[in-house]
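Below: one structure, written as structure tokens.
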Amino acid sequence: MNSTKTGKTIGIVNSGGDCAGINTVIASAVVAGCRMGYEFVGFELGWEGLIDRKYRPLNIEVAGQIQNLGGTVLHTTNRGRFAAKVGQNQTNQIDPSILDACQHSIEDLGIDGLLVIGGDGTLSGALQLAERGVNIVGIPKSIDNDLYATDHTFGFASAVQVAVDAIDRIQTTAFSHNRIFLVECMGRNAGWLSLYAGLAAGADAILLPEFPTSLDDIVEFLRYRRDRHRNSTIIVVSEAFEIEGKAVTQGASLTNEVIFAGISNELIRRLEDMAPHEFEMRNVVLGHTQRGGSPCAEDRILSKRFGTHAMEAYHQGHFGYMVALQNAHIRPVPIKDAVNQLKLVTRQNNIYEAARRTGIFLGDLEDYLSIAVADDMTNIPYSV
Ligand code: F6P
């Protein structure tokens with residue numbers, strides 16, 4: 001497996017949930033790296049492929065074929081033996097025998113080091129390998145955008161776009177039927193996806209896991225709109241939003257990760273109990289549509305920047321680092337700075353503030369009413 005130029009072969013591992021842009025990252029890293037004299041292999045099914053030594057060669061020709069494809073040609077799993085995160089902010093020490101197996105594969109296959117594409121869980125695992133001296137550069141992937149130390153992860157913009165396109169469509173049918181729609185977005189414990197999608201689409205309410213609100217306040221918000229002849233309402237709700245302190249889940253995955261699902265349905269049930277026959281409500285769960293499909297233009301560009309900078313960081317020996325987007329620049333940052341805690345929405349965030357100022361209900365009824373009344377909503381003609 002020796003290359004002719006540097007004599008170094010880099011292994012690429014992508015792990016965790018897929019998203020749009022993984023193939024773009026792989027392709028751009030391979031193209032940039034081949035020009036620097038490296039060769040590449042891609043491990044199949046995330047860390048599983050590294051442990052079981054299942055891999056395929058990656059070259060410039062493959063890169064050209066995959067660069068705009070959604071998903072990952074290497075396949076992936078978030079249920080493997082290498083799971084380092086369980087739930088929010090709980091890091092697992094990976095079984096030393098699994099870490100040993102990874103190191104043995106790397107040595108026996110003559111791999112110089114790894115580019116690891118992943119989110120919080122994957123990079124927490126990568127850090128444990130890096131701490132054993134494995135040459136690793138991380139690349140931040142997630143539709144949830146919940147990694148610290150980077151302004152954005154790749155995959156996020158495409159997922160936002162999917163949600164916006166869906167909400168645009170839901171808006172016209174909601175309007176026609178004078179209905180309330182609850183649109184359930186992924187994102188786990190971080191509300192970024194819902195916040196960005198809701199703001200971009202012009203939703204009327206965005207319910208985030210970071211800002212609990214009471215059912216009473218949601219009913220009051222709906223009545224306030226109805227009394228002003230806003231007969232259709234779009235509520236974007238994050239999958240991990242809690243009703244009276246409880247999330248709606250479908251049990252746990254094989255690696256004990258909570259599977260969120262059903263909050264929009266449950267909210268309808270609870271709101272109907274509180275205000276029987278007052279509102280006609282429907283729900284849409286966007287689910288994995290947000291992970292599927294080709295990357296949008298913004299994600300293609302970010303993925304190519306991440307992929308090429310990751311090769312640069314590797315070449316310069318920034319091991320144990322992750323490439324990050326910070327103030328429009330890509331920089332290497334220590335992986336540990338990205339995975340110690342989740343990046344959550346705060347009230348100080350300027351996207352949150354824009355949503356608030358455009359009159360979106362974000363869970364704080366008093367604040368919402370103060371802005372709505374100041375805008376003198378009753379004088380806005382009922383047209384849209
Ligand atoms: O972390 C990405 C993500 O898509 C979350 O937003 C979602 O909760 C989860 O993965 C779904 O995971 P799975 O594909 O295992 O159902």
Side-chain angles (χ1 to χ4, degrees), residues 14-22 25 45-48 70-72 74-92 116-126 138-148 150 152-164 166 183-198 206-210 236-242 247-266 284-293 295 299 338-339 341-345:
N14 61 237
S15 185
D18 74 340
C19 69
I22 300 180
V25 168
L45 213 61
W47 299 106
E48 299 297 296
T72 165
L74 296 178
H75 305 278
T76 188
T77 180
N78 47 12
R79 313 223 186 297
R81 289 165 276 177
F82 205 88
K85 273 274 163 87
V86 182
Q88 196 183 353
N89 295 337
Q90 294 167 39
T91 304
N92 251 0
V116 178
I117 304 167
D120 183 46
T122 302
L123 293 175
S124 299
I139 301 167
K141 168 220 71 163
S142 175
I143 66 163
D144 304 340
N145 197 36
D146 57 357
L147 268 179
Y148 251 96
T150 185
H152 287 293
T153 49
F154 79 84
F156 174 64
S158 305
V160 169
Q161 192 60 55
V162 169
V164 171
V183 183
E184 184 171 327
C185 268
M186 279 190 167
R188 300 197 73 79
N189 302 95
W192 298 110
L193 201 40
S194 301
L195 179 63
Y196 273 67
I206 308 173
L207 302 178
L208 304 174
E210 291 89 341
V236 176
V237 56
S238 287
E239 60 178 2
F241 178 76
E242 296 179 348
V248 178
T249 64
Q250 285 189 347
S253 73
L254 295 180
T255 48
N256 269 338
E257 278 280 10
V258 168
I259 301 171
F260 296 104
I263 182 67
S264 55
N265 208 25
E266 180 64 9
V284 173
V285 181
L286 297 178
H288 291 80
T289 61
Q290 293 157 104
R291 296 234 302 255
D299 264 336
V339 298
Q341 53 175 322
L342 285 184
K343 183 178 69 184
L344 300 176
V345 179

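Counting starts at 1 for both ligands and their atoms, following the listed order.
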**Study point:** Stepwise side chain to side chain contact (heavy atoms under 4.5 Å, CB included) check, Leu286 with Met186
**Key:** CA-CA 7 Å; Leu286 297 178; Met186 279 190 167; over 6 Å; no
Practice item. Record the part of His288 in heavy-atom contact with ligand 1 below 4.0 Å; permitted values are side chain, backbone, both and neither. Key: side chain
Practice item. Number the atoms of ligand 1 from 1 as they appear, then name those within less than 4.0 Å of a heavy atom of Glu239, with their elements. Key: 5 (C), 6 (O), 7 (C), 8 (O)
Review point. Is a side-chain N or O of Glu239 found less than 3.5 angstrom from the main chain of Glu184, in a donor-acceptor match?
Key: no
Exercise for review: Decide whether an N or O pair under 3.5 Å exists between Ser142 and ligand 1.
Suggested key: no
Practice item. Just let me know how Leu193 lines up against ligand 1, side chain, backbone, both or neither, with a heavy-atom cut-off below 4.0 Å. Key: neither
Review point. Considering only heavy atoms, does Ile259 approach ligand 1 within less than 4.0 Å through its side chain, its backbone, both, or neither?
Key: neither
Check your understanding: Would you say Phe260 and Arg188 make side-chain contact, with heavy atoms under 4.5 Å?
Key -> yes
Check your understanding: Among Val25, Leu45, Asn14, Ile117, which one satisfies side-chain contact (heavy atoms from CB on, under 4.5 Å) with Thr72?
Key -> Asn14
Exercise for review: Hey, could you give me the CH2/OG1 distance between Trp47 and Thr122, rounded to the nearest 0.5 Å?
Suggested key: 7.5 Å
Check your understanding: What atoms of ligand 1 come closer than 4.0 angstrom to any heavy atom of Arg188?
Key -> 1 (O), 5 (C), 6 (O), 7 (C), 8 (O), 9 (C)
Review point. N/O to N/O below 3.5 Å, does that happen between Met186 and ligand 1?
Key: no
Check your understanding: Which value, rounded to the nearest 0.5 Å, describes the distance between Leu193 atom CG and Gln290 atom CD?
Key -> 5.0 Å
Point to revise | Minimum non-hydrogen distance to atom 2 (C) of ligand 1, winning option of Asp144, Thr77, Asn78, Asp146 | key: Asp144
